[in-house]
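Read through the structure below, which is laid out as structure tokens, and then see the notes.
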Amino acid sequence: MTTIEWEDDLLLGHPAVDAMHEEFVTVARAAQLASDEDLPALYVPLLAHLRRHFESEDRMMVETEFPPRQCHMDEHAAVLKSALEVEAELTMGNVALCRDLIAELVNWFPKHSQHLDSALVHWVNKSRLGGKPVIIKRNISSLKSEALPMSGSGG
């Protein structure tokens with residue numbers, strides 16, 4: 001299982017969207033790492049986040065008249081429907097199904113973000129500001145490797 005982590009590659013250049021996406025990573029990661037006993041309690045904030053997240057983006061699409069909004073909104077609705085169905089199963093003790101959904105969300109999110117959400121952010125920024133967002137991304141993995149001492153460097 002790959003545990004989701006926030007990284008600069010997830011930045012899209014819209015502060016509200018980026019903050020919502022970072023929050024998704026936080027609550028999804030907590031649910032991924034939860035024990036079976038703690039999972040039901042940690043699924044509650046994940047589900048609440050999905051509702052707020054999708055409502056926020058859906059509202060943004062409607063307000064800015066984003067042309068392909070229906071496809072994007074339909075995807076949000078389908079994901080939320082699945083999450084609500086899993087919530088019902090989880091209350092009956094089906095932890096495995098919940099873990100499967102969380103794994104699917106973690107796999108789905110980067111692709112959804114980089115394709116559908118980035119198109120929305122591009123549209124909003126171009127409509128409001130006249131251009132694409134400028135995003136400065138740090139290469140965190142290279143920074144980490146630079147901080148590590150090299151073996152055999154002699155000093």
Side-chain angles (χ1 to χ4, degrees), residues 1-34 38-90 95 97-148:
M1 168 182 78
T2 301
T3 305
I4 194 166
E5 292 186 38
W6 179 255
E7 54 186 308
D8 283 356
D9 282 345
L10 296 171
L11 289 169
L12 298 178
H14 188 283
V17 172
D18 288 337
M20 191 67 73
H21 286 182
E22 189 167 1
E23 181 185 330
F24 169 79
V25 169
T26 300
V27 295
R29 180 179 174 83
Q32 274 188 299
L33 298 174
D38 293 339
L39 185 57
L42 290 170
Y43 190 72
V44 170
L46 176 59
L47 189 54
H49 169 83
L50 290 174
R51 284 187 177 115
R52 280 192 327 278
H53 186 150
F54 297 160
E55 287 171 4
S56 173
E57 287 183 9
D58 290 356
R59 186 172 44 256
M60 186 183 298
M61 286 185 270
V62 170
E63 288 172 358
T64 64
E65 298 180 359
F66 182 54
R69 66 185 167 269
Q70 197 57 56
C71 173
H72 195 156
M73 292 168 72
D74 288 348
E75 187 167 311
H76 286 166
V79 170
L80 188 57
K81 181 178 184 282
S82 294
L84 290 168
E85 290 170 355
V86 167
E87 178 188 37
E89 288 291 321
L90 184 58
V95 172
L97 182 63
C98 185
R99 291 204 183 279
D100 288 345
L101 175 80
I102 293 166
E104 288 300 319
L105 283 172
V106 164
N107 288 328
W108 164 83
F109 175 73
K111 295 174 203 126
H112 175 85
S113 175
Q114 291 302 313
H115 295 287
L116 297 180
D117 292 344
S118 68
L120 172 61
V121 165
H122 176 84
W123 171 262
V124 170
N125 285 343
K126 187 168 183 176
S127 299
R128 293 187 178 161
L129 305 173
K132 286 177 64 171
V134 174
I135 306 166
I136 299 171
K137 298 180 180 182
R138 303 165 294 184
N139 187 344
I140 294 174
S141 60
S142 70
L143 293 175
K144 288 179 184 175
S145 66
E146 289 173 13
L148 297 175

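G13 and V121 get closest at one heavy-atom pair: C-CG1, 4.2 Å. Shown here for P40 and L90, the closest heavy-atom pair between the two residues is CA-CD2, 3.7 Å. When all heavy atoms of A31 and L39 are compared, the closest pair comes out as O-CD1, 3.4 Å. Listed here is the closest heavy atom pair of A83 and L47: CB-CD1, 3.6 Å. Across every non-hydrogen atom of L46 and F24, the tightest pair is CD1-CE1, 4.1 Å.
For R99, the side chain to side chain donor-acceptor pair (under 3.5 Å) partners at least two apart in sequence or on another chain are D36. Judged as a side chain to side chain donor-acceptor pair (under 3.5 Å), and not counting sequence neighbours, N107 has no contacts. Under the rule for a side-chain contact (heavy atoms from CB on, under 4.5 Å), the partners of E22 that lie at least two apart in sequence or sit in another chain are W6. E23 meets the side chain to side chain donor-acceptor pair (under 3.5 Å) test with H49, R52; sequence neighbours excluded. R29 pairs by the salt bridge (charged side-chain N to carboxylate O under 4.0 Å, His left out) definition with nothing, not counting sequence neighbours.
We find the OG1-CZ distance between T64 and R59 to be 12.0 Å, quoted to the nearest 0.5 Å. The OG atom of S113 sits 8.0 Å away from atom CG of D18, with the distance rounded to the nearest 0.5 Å. Between I4 atom CD1 and L105 atom CG the span is 9.0 Å, to the nearest 0.5 Å. Rounding to the nearest 0.5 Å places CG of L84 at 12.5 Å from CD of E89. Annotation: the span from W123 atom CH2 to H14 atom NE2 amounts to 14.0 Å, rounded to 0.5 Å. Between atom OG of residue S118 and atom CG of residue L10 there is a gap of 11.5 Å, rounded to the nearest 0.5 Å.
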Discussion item. Would L12 and H122 count as a side-chain contact (heavy atoms from CB on, under 4.5 Å) here? Give the steps.
Written reply: CA-CA 8 Å; L12 298 178; H122 176 84; over 6 Å; no

Worksheet item: Yes or no on side-chain contact (heavy atoms from CB on, under 4.5 Å) for Y43 and E87, after CA distance, side-chain angles and deciding distance?
Response: CA-CA 8 Å; Y43 190 72; E87 178 188 37; 3.8 Å; yes

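With hydrogens and angles disregarded, no donor-acceptor distance shorter than 3.5 Å links the side chain of D117 to the backbone of V17.
Counting heavy atoms from C-beta outward, V62 and M73 have side chains that approach closer than 4.5 Å.
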Please set out all donor-acceptor pairs under 3.5 angstrom arising from side-chain atoms of residues 74-81, sequence neighbours excluded.
{"unit_1": "D74", "atom_1": "OD1", "unit_2": "Q70", "atom_2": "NE2", "d": "2.8"}
{"unit_1": "E75", "atom_1": "OE2", "unit_2": "W108", "atom_2": "NE1", "d": "2.6"}
{"unit_1": "E75", "atom_1": "OE2", "unit_2": "H112", "atom_2": "ND1", "d": "2.7"}
{"unit_1": "H76", "atom_1": "ND1", "unit_2": "D58", "atom_2": "OD1", "d": "2.7"}
{"unit_1": "H76", "atom_1": "NE2", "unit_2": "E57", "atom_2": "OE1", "d": "3.1"}
{"unit_1": "H76", "atom_1": "NE2", "unit_2": "H72", "atom_2": "NE2", "d": "3.2"}
{"unit_1": "H76", "atom_1": "NE2", "unit_2": "H112", "atom_2": "NE2", "d": "3.3"}
{"unit_1": "K81", "atom_1": "NZ", "unit_2": "E85", "atom_2": "OE2", "d": "2.7"}

